[in-house]
Structures are given as C-alpha cells and as structure tokens.
Novice: 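Handing you this structure, nothing more for now.
Order of the sequence lines sets the chain letters (A, B, ...), proteins ahead of strands, with each chain counted from 1.
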Protein chains: 2
Amino acid sequence: MPRTMKIAEPPLPSDPSQEDRAQAIRDSLRDAIVDRRLAPGTKLSEAEVGTLFDVSRTVVRAALQMLAFEGLVRVERNRGAFVSDPTPEEALQVFASRRLIEPGVIAAAIERATAKDIAAFRRHLEEETRHKHERGAQARRAEIKASGDFHLMLAAVAGNAILQKFMDELVARSSLVIALYGRSGASSCGHNDHADLLDAVEARDVARAQALMLRHIDHIEADLDLRASSSLTLRDALSL
Amino acid sequence: MPRTMKIAEPPLPSDPSQEDRAQAIRDSLRDAIVDRRLAPGTKLSEAEVGTLFDVSRTVVRAALQMLAFEGLVRVERNRGAFVSDPTPEEALQVFASRRLIEPGVIAAAIERATAKDIAAFRRHLEEETRHKHERGAQARRAEIKASGDFHLMLAAVAGNAILQKFMDELVARSSLVIALYGRSGASSCGHNDHADLLDAVEARDVARAQALMLRHIDHIEADLDLRASSSLTLRDALSL
DNA sequence: GGCGGCAATATTGAGTGCAAAACAATTGGG
DNA sequence: CCCAATTGTTTTGCACTCAATATTGCCGCC
C-alpha cells in the first residue's frame with residue numbers, strides 16, 4: 001500500500017455545468033410543476049421533453065423517474081408520465097404528514113438557528129410580503145413558491161438531511177394539492193402565519209412555535225375544497 | 001357518449017411477472033441489503049447485476065436509481081453504485097427522524113387498527129420470537145428483518161401512504177446503520193419492546209404506546225457504537 | 001346510424017454500441 | 001528504491017434502434 005497518497009491535482013469537476021443533465025431537467029420540471037405552470041394531469045411525453053431540453057429520451061426518463069419518486073408525476077406502464085393529480089385522500093395524507101413532521105422540524109430549527117439564520121428568515125419574509133402585495137399571476141406564483149420556501153428553510157436549518165428531503169417532497173406535493181383544491185389560490189390569505197412563526201423561533205419558544213405551526217397548517221388546509229374536483233368527478237362518473 | 005361501456009375483457013396484465021423487472025430487481029437488491037447479505041460499501045456494477053438477473057444494463061440502472069432515492073445505495077458519477085455506508089451523523093439523523101415520525105404513526109395505527117390487524121400483529125410477533133430463539137446467521141437475518149417488518153406493519157395500519165413510504169425508507173436505512181454500527185447485531189437484544197408496544201396498541205393507550213415507542217428507539221440506538229468505523233477512518237486518513 | 005372490430009400511428013420499454021471517464025498496471029525517471 | 005507519468009482496461013453515460021403496447025381513425029355490419 002502506498003505510504004503517501006498525494007493527490008496530484010484536485011481532479012476538478014471537468015465542468016460544473018456537466019454535473020448531470022437529468023437532475024437539471026428534474027429541477028426544471030419540478031419548478032414548473034410547483035409553480036403550476038404545468039397543470040396536474042399534463043402528459044409529459046419523453047420525446048417532447050427530450051427535444052425541449054435537447055437530450056435523448058434516456059436522460060428524460062431518468063428525470064421523470066426521479067419526479068415519480070417524489071410523487072410529483074405518475075408514470076403508467078406503456079402509457080407515459082403525467083403530472084400527478086392527487087386525490088382528496090392523498091391531499092389529506094400530505095397534510096397529516098406535515099402536521100406530524102413540521103412541529104419536530106421547527107423544534108430542531110429553534111435549537112440550531114443562528115442569528116444569521118434569523119436574519120435570512122427576515123429577509124425572506126420581506127420578499128414574501130412584497131410578493132403578496134403585488135398583482136398578477138407571476139407575482140402570485142412567486143408568492144406561493146416563497147411560501148413553500150419558508151418551510152424548506154426551516155427544514156434546512158433543522159439540520160437533518162433526511163427530514164429535509166421529506167419536507168421537500170411534502171412541500172412540493174402541497175403545491176400540487178393547493179393547485180388542485182385551493183379556493184383562494186394563495187395558501188396564506190389573510191394570515192401572517194410565517195411572521196408569527198418567525199417571532200416564536202426568534203424567541204426560542206418551542207411550544208408556541210409548534211402550536212403556531214399546527215394552526216398554520218390548519219389554515220392552509222382550511223383553504224382547500226376537497227370535494228371531488230370537477231375533472232375527477234367527470235372521470236369517476238364515466239367509469240361507473 | 002356511449003350508453004354502454006362494457007369492457008369486453010379485463011385487459012388482463014399480459015403476465016403478472018412482466019410487471020416491471022426493474023422493480024423486481026430493486027426489491028431483490030433491497031432485501032439483500034436490508035438482510036445484510038450485501039455489505040455496506042459493496043460495489044454494484046451494472047453489468048454484473050445485469051448478467052445476474054439476465055437483463056440489460058438499462059433495467060439495472062433504473063433499479064439502482066430507485067435504491068439511490070431510498071438512500072440504500074449511493075451513486076457516484078462515472079464511478080458506479082455502491083451499497084451506502086451511512087456516516088455516524090446520518091445514523092443519528094435516521095433515528096432522530098424515527099423518533100419524530102413513529103409516535104405519530106403508532107397513534108394513527110391505534111386509531112385504525114381492527115381486531116384482524118391485532119391478530120396479524122400477534123402472529124407476526126410469534127414468528128419474531130421464534131426467530132429469536134433459533135440459532136444461526138440465517139435465523140438472525142430473519143429476526144432482524146421481522147423486527148423491521150413490525151414497524152412497517154404499524155405504518156401500513158396507520159393508513160397514510162406517504163408516511164408509510166417514509167417509514168419504508170427509515171426502516172431500511174436503520175438496517176444499514178445497525179449493520180455498520182450495531183454492537184450486538186440484534187436490535188432487540190434482551191428487550192421485548194414489540195410485545196409491549198402491541199399490548200399498548202391493543203389497549204388503545206396512545207400515550208403509553210408513544211412512550212414505549214420512544215423508549216424502543218432509544219434501545220435500538222443504545223446498541224450502536226457510533227464512533228467512526230474502522231474502514232471509514234482508514235479511508236479518511238488516507239485521503240487527507 | 002351507431003356499435004364493434006381492425007388497421008395505422010404514436011409512444012414507451014428495453015437492448016446494444018460508442019465515446020468518455022475512471023481505474024489499474026507498467027515503465028521510465030529521480 | 002520510490003515516485004510519477006503513461007498506457008491499457010474496465011465501467012459508466014448516453015444516444016440510437018427495434019420490439020411491444022396503447023391510442024386513434026376507419027370501415028363494415030347489425
């Protein structure tokens with residue numbers, strides 16, 4: 001065995017942009033889905049996506065498979081991939097999961113948050129409220145995205161990569177659910193939940209933060225109309 | 001719109017075994033990893049696995065990608081797939097996540113468990129203890145598998161598909177962690193935690209069940225030796 | 001006239017080949 | 001004698017291709 005193992009050169013990622021096109025496509029599609037630019041149910045043809053990103057179907061397949069694992073697309077054998085449209089039951093499960101996990105996440109975040117983190121949260125919150133006061137579909141999308149990002153920031157600060165991955169999935173799925181079943185379209189209509197949450201985090205008041213988090217999730221869920229959506233009722237009616 | 005929509009024939013899955021070989025390979029590999037027949041760090045060459053299952057690399061790649069999403073294998077670009085060997089930090093995160101999620105799971109399970117479910121649990125428990133009293137590596141593997149399955153059964157009864165998926169991942173990762181850092185090798189050495197848990201479930205005592213669950217996870221974690229493993233320190237030392 | 005079957009089309013599933021990257025061994029230089 | 005560079009080998013990344021399956025449009029028949 002060699003005694004010294006000097007690495008002549010840092011092998012140097014030949015090109016940072018070359019770091020996996022499948023992942024780039026996944027991120028792009030994911031943003032589009034979470035931003036609701038791709039409606040639930042939309043078919044994602046391999047060839048179409050492939051020409052769009054100028055890659056072969058092989059790479060597209062990998063990206064779609066990833067999204068399927070996150071529950072954002074549904075792949076049906078020999079039929080293709082579709083932006084998933086969660087059933088009301090799945091919607092309930094998404095929020096039940098969030099109720100279970102997010103109180104723990106915020107507790108961990110409170111334990112680990114630095115002053116710098118708090119400052120970052122404050123900055124994020126400002127941007128969030130800024131979007132809220134703007135008009136237009138574009139600003140609305142940005143607001144929804146920012147709203148989800150707040151929860152993802154909490155998960156990041158909590159410092160548990162596994163929980164962070166779970167939260168990634170749950171927040172993304174929430175976006176889909178809100179897209180399908182949301183009444184007002186905005187999850188935080190009228191409420192200032194995030195600001196209150198941040199106050200509790202800054203005060204390191206775990207119990208209060210957890211209670212606020214649960215209420216916040218209640219608020220989001222209360223904005224949903226989980227009676228079977230129009231398209232679903234249509235389908236169900238036809239298939240019966 | 002057609003008045004009658006008779007379905008001439010149940011389209012009949014041309015062959016149930018044909019229902020996705022990638023998934024079959026994934027399950028097979030997953031069992032092998034969870035059962036510790038594949039040691040952490042083992043390289044899973046696409047060609048090798050392909051010849052082993054008699055499929056092309058394409059299918060193997062899909063299976064490996066799935067396992068990567070569950071955190072059971074780690075794929076390094078241009079280097080291949082390896083059975084992942086979690087760091088001590090990841091190990092801690094796995095158990096932190098379980099502590100967060102499983103009390104909720106068992107609460108939901110208690111709410112939904114039928115008499116039939118309880119009976120299934122009892123049957124499972126018998127088998128578990130049977131394995132425990134047997135000797136040999138084979139029985140030991142079966143015991144560990146059954147121990148994880150108990151938690152998965154709880155998640156199934158809880159009736160939340162998303163949480164169930166999370167638990168799938170967490171239990172699988174726990175097996176890896178125990179394989180790497182376990183002292184006694186068996187997670188439930190000396191304790192009868194599962195039996196106690198089941199009693200609490202049958203009594204519908206949520207608080208008690210949750211407390212027992214947390215203690216159970218403590219027991220599992222207490223059996224770990226999370227000081228850096230030998231192989232890892234060696235590798236780290238060499239690469240520095 | 002509408003329903004059922006049939007053929008044409010499109011799309012996915014999967015195997016193979018080629019290029020590039022990483023790994024291993026060997027040889028030349030200090 | 002040991003280190004470093006180079007070459008040869010192996011393995012992955014990705015595109016192309018063919019086969020299999022679902023979908024769509026069409027025609028005959030009841």
Side-chain angles (χ1 to χ4, degrees), chain A residues 1-26 29 41-68 73-84 235 238-239, chain B residues 1-26 29 41-68 73-84 235 238-239:
Chain A
M1 187 185 300
R3 217 176 330 172
T4 68
M5 217 168 165
K6 192 171 65 172
I7 290 158
E9 302 247 24
L12 189 57
S14 47
D15 185 5
S17 69
Q18 175 67 13
E19 67 160 270
D20 217 356
R21 293 174 286 173
Q23 200 144 332
I25 293 173
R26 178 197 67 151
L29 285 178
T42 306
K43 166 145 197 185
L44 300 172
S45 151
E46 296 181 358
E48 198 179 332
V49 178
T51 52
L52 220 64
F53 286 91
D54 197 49
V55 295
S56 88
R57 281 174 44 215
T58 308
V59 182
V60 177
R61 273 178 92 85
L64 291 176
Q65 206 184 355
M66 292 193 233
L67 289 168
V73 315
R74 164 178 45 90
V75 295
E76 297 180 19
R77 184 175 176 88
N78 284 322
R79 287 194 17 90
F82 305 83
V83 179
S84 69
R235 230 176 43 178
L238 291 177
S239 64
Chain B
M1 185 184 302
R3 213 168 343 164
T4 68
M5 215 162 166
K6 191 172 62 174
I7 290 159
E9 301 249 24
L12 187 58
S14 46
D15 184 5
S17 68
Q18 174 65 15
E19 68 160 88
D20 218 353
R21 292 174 287 171
Q23 201 143 330
I25 293 173
R26 178 196 67 150
L29 285 178
T42 306
K43 166 144 198 189
L44 300 172
S45 151
E46 296 180 356
E48 197 178 332
V49 178
T51 51
L52 221 66
F53 287 91
D54 196 50
V55 295
S56 84
R57 282 174 43 216
T58 309
V59 181
V60 176
R61 271 179 94 83
L64 291 176
Q65 207 182 355
M66 292 194 233
L67 289 168
V73 315
R74 164 178 44 87
V75 294
E76 297 181 19
R77 182 174 178 88
N78 285 322
R79 286 194 16 89
F82 306 82
V83 179
S84 69
R235 229 175 43 175
L238 290 177
S239 64

Novice: Measure from CD on B/Gln23 to C1' on C/dG13 and round the result to the nearest Å.
Specialist: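 Going from B/Gln23 (CD) to C/dG13 (C1'), I get 15 Å.
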
Novice: With a 4.0 Å limit, can you tell me whether A/Arg79 has a side-chain N or O closer than that to the phosphate oxygens OP1/OP2 of C/dA10?
Specialist: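 No, no such contact exists.
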
Novice: Which parts of residues 49-65 of chain A get close to DNA chain C, meaning a heavy atom less than 4.0 angstrom away?
Specialist: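 Residues of residues 49-65 of chain A that come under 4.0 Å of DNA chain C are, in numerical order, A/Arg57, A/Arg61.
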
Novice: At what distance, to the nearest 0.5 angstrom, does CZ of A/Phe82 lie from NZ of A/Lys43?
Specialist: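 Between atom CZ of A/Phe82 and atom NZ of A/Lys43 there are 4.5 Å.
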
Novice: Working to the nearest 0.5 angstrom, can you tell me the gap between A/Leu67 CG and A/Arg74 CZ?
Specialist: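 It is 13.5 Å, given to the nearest 0.5 Å.
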
Novice: To the nearest Å, how far apart are B/Glu46 CD and C/dG15 P?
Specialist: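 Rounded to whole Å, this separation is 13 Å.
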
Novice: Can you tell me the distance, in whole Å, between the CG atom of B/Asp20 and the C1' atom of C/dA14?
Specialist: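 Distance, rounded to whole Å: 11 Å.
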
Novice: About how many Å separate CD1 of A/Ile25 and CE of A/Met66, when rounded to the nearest 0.5 Å?
Specialist: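 With rounding to 0.5 Å, CE (A/Met66) is 8.5 Å from CD1 (A/Ile25).
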
Novice: Would you please confirm or rule out a distance under 4.0 Å between OP1 or OP2 of C/dA14 and any side-chain N or O of A/Arg77?
Specialist: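 Yes, because at least one side-chain N or O of A/Arg77 sits under 4.0 Å from OP1 or OP2 of C/dA14.
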
Novice: Both B/Asn78 and A/Gly80 contact DNA chain C. Which one's nearest nucleotide lies toward the 5' end?
Specialist: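 Nearer the 5' end of the strand: A/Gly80.
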
Novice: Can you name the side chain to side chain donor-acceptor pair (under 3.5 Å) partners of B/Gln65, sequence neighbours left out?
Specialist: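 If we apply the side chain to side chain donor-acceptor pair (under 3.5 Å) test to B/Gln65, skipping adjacent residues, there are no hits.
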
Novice: Return the set of residues passing side chain to side chain contact (heavy atoms under 4.5 Å, CB included) with A/Thr58 (not counting sequence neighbours), or none when no residue passes.
Specialist: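 So A/Thr58 forms a side chain to side chain contact (heavy atoms under 4.5 Å, CB included) with A/Ser56.
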
Novice: Measure the distance from CD on A/Glu48 to C1' on C/dA10 and round it to the nearest whole Å.
Specialist: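 Between C1' of C/dA10 and CD of A/Glu48: 13 Å.
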
Novice: Separation of A/Ile25 atom CD1 from D/dA15 atom P, in whole Å?
Specialist: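 Rounded to the whole Å, the gap is 9 Å.
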
Novice: B/Val73 and side-chain contact (heavy atoms from CB on, under 4.5 Å): which single residue from B/Leu29, B/Leu44, B/Thr42 fits?
Specialist: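 Going through B/Leu29, B/Leu44, B/Thr42 one by one, the side-chain contact (heavy atoms from CB on, under 4.5 Å) with B/Val73 is satisfied by B/Leu44 alone.
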
